[in-house]
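Residue numbers begin at 1 in each chain, while the letters A, B, ... track the order of the sequences. Just so we're clear, the structure is a prediction, and the values are computed from it rather than from any experiment.
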Amino acid sequence: MPGVSQGQDDRRLGCVGRFDVRLRHRSARSERFAREKGMTVRVRYAPSPTGYQHFGNLRTAVFNYLFARKHGGVFVLRIEDTDRERSKKEYEDLIREDFEWLGIAIDESPWHGGEYGPYRQSERLHIYKEHLERLVKKDMVFRCFCEGEGEPEAEKKQVVSPDPCRFLPAEDVKRFEKEGRPFCWRFATPRDAIVRFKDLVRGNVRVKASEVTDFVVIKQDGMPTYHFGVVVDDALMKITHVIRGRDHLTNTANHWLLYDAFGYEKPTWCHISRTSKLKKREMLDALDHLEMGVRPKKPIPVIGYRKLGYLPEAIVNYSALLGWHPRDEIEKFNLDDKIEEFDPKDLTKGDSAFDISKFNWLSEKYIKEADIDRLSELARPFFEAADITPPEDKLYLRLIDALRGKCAMVSELPPRFVPFIGGVKLAEDGRKTLQEPGAKKVLGLIVNKMEAKTDLKPEDFDPIIREVGEELGVKGKNLFFPIRSSIIGTPHGPMMSLYLEIFGKDEVLRRLRAGIGE
RNA sequence: GGCAGGUUAGUGUAACGGUCAGCACGCAAGGUUUUCAUCCUUGUAUCACGGGUUCAAAUCCCGUACCUGUCGCCA
């Protein structure tokens, strides 16, 4: 049984299966309702294809996904493309690609199909029309002839409720229609209703209908507004739990009233906190300035991380961490392993902020622990893009493995190969190191010892270096920096033994001698 | 402005009347060490503020401040 505590409610109500006469919306109990009535839990993620997806959206989808899986339910994706101006096919394609890339399984969608389709609002216009008729018949909507096709920038007109057009004399309405004046349909909000519902994260919510304006349901262009589309579609698609962003919390009153107007059974609402630090402008700007191998300083849309070579698991994992955390406090986890544990009531009420350094930390972890063959294959395109030719198979794998530490994105790998495939390019810090007083002496002795040894193996390198250190009384940086600098051009890098393995004795000797010459 | 929601270390969070307020990232200091890598140790919060209720409050109540959302023919 889902871990929602509901014993108290049940006791008070005495029975389950009947709706509270006070119009109280069924609450968290609905999970039980659903089971007892043999209903399937159905949730949905309903993006509008007007921009890129980012962590904020993604985590809404992730929580929906977890909830669906936990209850053996269905995860629906619906495209809300009622904004004719801003909706773009390419954004919809991107949404699809993102999900496929991230490995989040969707059950019903425009591209997966399903028995409650179509799943694109622009293809459901006839349904909205029919629903509008129903409200017209019940006299619950009215035409509004006011000017003002939404100019968001325009000064906000004083909220007037009810809307003046609601009381337009019938003859005026007739005349305006005859004149062909454009109009939209508004909902005639019942003045005295009180909206109450229980939110899975917020608890009891109560809104007076008198605070709800006579909102638009059908726009002048015939498209439904968000409020209208959402309610009609969620109802028809048999959505049982609406898990969405907190910004819709106050809108829920509108939706509640619409459900009532249609006589549809209401879903359980669950408003999750928002994610701050995700400024659309900045994200788009950062996306325009992507540079392979360079970690973005600011958050970017999912497509950006995809391009840079972040691993999808890291993204999914981190998005689940935004407003939720596992009980065992282990933050790196596989989404599917958390299905049982997930419970909306554990979601944070406060907003959460995207922390790019923590995200990078997680990503590094994923890359460090990734399957080496898979990582190698993932990396190939990035070598091409960087115009760096990777070495052949065995060496390639070896280097990927040796150089993957502290790598948050795959595109960081190719540049690290450079010291191993071309000649030495002395970096500034490398040059400086070689100029240090004892540097040449260290290199000289190493060369001598290496030359003396006939059958030199990679694992012999360490002992030799140690001997040199002891004999010269040098250790730490003074010992290792010059060696590494002459071999790869910079004092920092992977373990010493790797060099002999990769380059072989002759090449290492050549580089060490060259270092002495610097 | 009305309405709604939020406020625990720099960040993400735990705790749901009784713990020296726990964990993680970051940062700082120290140790190990072949590195500004790894690993280990330590430090980093008088729980926004002010009042209450209580033997006891981060936890309950009220007020204030600040942040956010909504009040669009955007979703």
Original post:
Under 4.0 angstrom, heavy atoms only, what part of the nucleic acid is A:F481 near: base, sugar-phosphate, or nothing?
Top reply: sugar-phosphate
**OP:** Write down the distance between CZ (A:R404) and P (B:U38), rounded to a whole number of angstrom.
**Re:** 15 Å
**OP:** Assign A:T50 to base, sugar-phosphate, or nothing according to its heavy-atom contacts below 4.0 angstrom with the strands shown.
**Re:** nothing
Original post:
How far does the P atom of B:A75 sit from the matching atom of B:G22, given to the nearest Å?
Top reply: 48 Å
**OP:** Return no unless some side-chain N or O of A:K219 is found under 4.0 Å from OP1 or OP2 of B:C74.
**Re:** yes
Original post:
Under a 4.0 Å N-O cut-off, is there an ion pair linking A:D233 with A:R44?
Top reply: no
Original post:
Would you call A:E364-A:R404 a salt bridge at under 4.0 Å N-O?
Top reply: no
Original post:
When rounded to the nearest Å, what value does the distance between P atoms of B:U42 and B:A48 take?
Top reply: 27 Å
**OP:** Determine whether A:L58 and A:V302 make a side-chain contact, defined as any pair of heavy atoms from C-beta on separated by less than 4.5 Å.
**Re:** yes
Original post:
Between the side chain of A:R166 and the main-chain N/O of A:T189, is any donor-acceptor distance below 3.5 Å?
Top reply: yes
Subject >> Gap in Å between the two P atoms, one belonging to B:A24 and one to B:U41, rounded >> reply: 10 Å
Subject >> Integer-rounded Å distance: B:U70 P and A:R244 CZ >> reply: 12 Å
Original post:
Atom CD1 of A:I272 to atom P of B:G69: distance rounded to whole Å?
Top reply: 15 Å
**OP:** Compare all side-chain heavy atoms of A:L321 with those of A:P326 and state whether any distance is below 4.5 angstrom.
**Re:** yes
Original post:
Mind checking the C1' distance from B:U11 to B:G18? Whole angstroms is fine.
Top reply: 30 Å
**OP:** Using the C1' atoms only, state how far B:C40 lies from B:U53, rounded to an integer number of Å.
**Re:** 47 Å
Subject >> A:K298 and A:P296, any side-chain heavy atoms less than 4.5 Å apart >> reply: no
Subject >> Position toward the 5' end of RNA chain B (nearest nucleotide), A:W361 or A:G493 >> reply: A:W361
Subject >> Atom-to-atom span, NZ of A:K368 to C1' of B:C39 - whole angstrom >> reply: 10 Å
Original post:
Considering only side-chain heavy atoms of A:C184, which listed nucleotide, B:U35, B:C71, B:C73, is closest?
Top reply: B:C73
Subject >> A:H271 side chain to A:H248 side chain, donor-acceptor N/O pair below 3.5 angstrom >> reply: no
Original post:
If only atom types and distance count, is the side chain of A:R186 paired as donor or acceptor with the main-chain N or O of A:D214 below 3.5 Å?
Top reply: yes
Original post:
Distance check: side-chain N/O of A:K406 vs OP1/OP2 of B:U38, anything under 4.0 Å?
Top reply: yes
Original post:
Given Watson-Crick or G-U pairs with both distances under 3.5 Å, what dot-bracket string fits RNA chain B, with | for other-strand pairs and [ ] for crossing?
Top reply: (((((((..((((....[...))))((((((.......))))))...(((((..]....))))))))))))....
Subject >> Interatomic distance at C1', B:C25 relative to B:C66, whole Å >> reply: 26 Å
Subject >> Sugar-phosphate only, base, or nothing, as touched by A:H271 at under 4.0 Å among non-hydrogen atoms >> reply: nothing
Subject >> B:C74 to B:U64 separation - P atoms, rounded to the nearest Å >> reply: 37 Å
**OP:** Identify which nucleotide among B:A75, B:C73, B:U35 has an atom closest to any side-chain atom of A:R186, counting heavy atoms from C-beta outward.
**Re:** B:C73
Subject >> side-chain hydrogen bond (donor to acceptor under 3.5 Å, both in side chains) partners of A:R327, counting only residues at least two apart >> reply: A:D346
**OP:** Under 4.0 Å between any heavy atoms, over every strand shown, what does A:P182 touch: base, sugar-phosphate, or nothing? Just pick one.
**Re:** nothing
Subject >> A:F187 CZ - B:G72 P separation (whole Å) >> reply: 16 Å
Subject >> Nearest-Å distance for atom pair CD/C1', residues A:Q121 and B:C74 >> reply: 12 Å
Original post:
What distance, rounded to whole Å, do you find between the two C1' atoms, one in B:A45 and one in B:C23?
Top reply: 14 Å
Original post:
Do any side-chain nitrogens or oxygens of A:K365 fall under 4.0 Å of OP1 or OP2 in B:C25?
Top reply: no
Subject >> Whole angstrom value for the distance that separates P of B:C36 from CZ of A:F480 >> reply: 12 Å
Original post:
Do the side-chain N and O atoms of A:D81 and A:Y91 include a donor-acceptor pair separated by under 3.5 angstrom?
Top reply: no
**OP:** Considering only NZ, NE, NH1 and NH2 on the basic side and carboxylate oxygens on the acidic side, decide whether A:R120 and A:E80 come within less than 4.0 Å.
**Re:** no
Subject >> Per-nucleotide protein contact string for nucleotides 4-14 of chain B (B base, S sugar-phosphate only, - none; heavy atom under 4.0 Å) >> reply: SSS----BBSS
Subject >> Nucleotide B:G26, atom P - distance to CZ of A:R295 in whole Å >> reply: 10 Å
Original post:
Closest to the A:D247 side chain: B:C73, B:U70, B:U35?
Top reply: B:U70
